[in-house]
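Notes follow once the structure below has been shown.
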Amino acid sequence: MGEPSGPAALFSGHPVALAVFERVRKLLAGVGPVHVRTTKSQVAFRRDRGFAYLWRPGQYLRGENAEVVLSIATDHPIVSDRFKEVVEPAPGRWMHHVEIRDPDEIDDEVATWLRVAADRAGP
C-alpha cells in the first residue's frame with residue numbers, strides 16, 4: 001500500500017511530467033515489448049532489465065528543479081551537453097540524467113538514446 005497505481009498517480013499535479021511520460025511511452029511503442037513499472041518514486045521502462053526511468057527531483061531535492069528527470073541506462077557513456085550528470089554506478093553500467101522542462105525536449109536525439117538503451121536491455 002502507499003505506492004501509486006500508475007504513472008498518472010505518480011505524476012498527479014505535474015502535467016509536464018505526465019506529458020513527458022506519454023511521449024516516452026509512445027516513442028518506445030515502436031521498439032518492441034517494453035514493460036512499464038511504477039513505484040512510489042519513479043516510472044521504469046523495462047525489458048529484461050530497466051533502461052529508462054522518469055522521476056521528479058522535487059520529491060527529493062530543494063530549490064529550483066526541472067519537473068522531471070529522464071535517466072537512461074546504457075553499457076557505455078554517451079557524450080552530450082544535455083546531460084546534467086553521467087555516472088557509472090557499476091562497471092559497464094552507465095546512467096545518464098537529463099532534466100526535462102518541456103515535453104518537446106523528448107526529440108530525435110533523445111529518441112535515439114532511448115532506442116539504443118532499449119535494444120541493449122534485452123528482447
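Heavy-atom basis, side chains included; hydrogens, waters and symmetry copies ignored. In what follows, residues are counted from 1 in the order of the sequence shown.
- Residue Asp108 places its CG atom among 12 or fewer non-hydrogen atoms of other residues, nucleotides or ligands, all under 6.0 Å distant.
- At a threshold of 4.5 Å between non-hydrogen side-chain atoms, the residues Phe45 and Leu54 count as touching.
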| task | Carefully, step by step, assess Val20 and Glu105 under the rule side-chain contact (heavy atoms from CB on, under 4.5 Å). | result | CA-CA 9 Å; Val20 168; Glu105 293 176 37; over 6 Å; no

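- Side-chain rings of Trp113 and Phe83 approach one another, their centers coming within less than 6.0 Å.
- A distance of 8.5 Å separates CG in Asp107 from OG1 in Thr112, rounded to the nearest 0.5 Å.
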| request: Decide yes or no on side-chain contact (heavy atoms from CB on, under 4.5 Å) for Asp104 and Arg23, but give the supporting numbers first. | output: CA-CA 9 Å; Asp104 289 338; Arg23 277 199 129 148; 2.6 Å; yes

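- Of the inter-residue distances, the one linking Arg115 atom CZ with Arg120 atom CZ reads 14.0 Å to the nearest 0.5 angstrom.
- Rounded to the nearest 0.5 angstrom, Glu88 CD and Arg93 CZ are separated by 11.5 Å.
- Here the straight-line distance linking atom CD of Glu22 with atom CZ of Phe11 works out to 10.5 Å at 0.5 Å rounding.
- Note that CZ of Arg82 is 13.0 Å distant from NE2 of His96, once rounded to the nearest 0.5 Å.
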| What's the verdict on side-chain contact (heavy atoms from CB on, under 4.5 Å) for Arg47 and Val34, showing C-alpha distance, side-chain angles and the deciding distance? | CA-CA 5 Å; Arg47 286 189 145 174; Val34 171; 4.1 Å; yes

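- Between atom CG of residue Leu70 and atom CG of residue Leu114 there is a gap of 5.5 Å, rounded to the nearest 0.5 Å.
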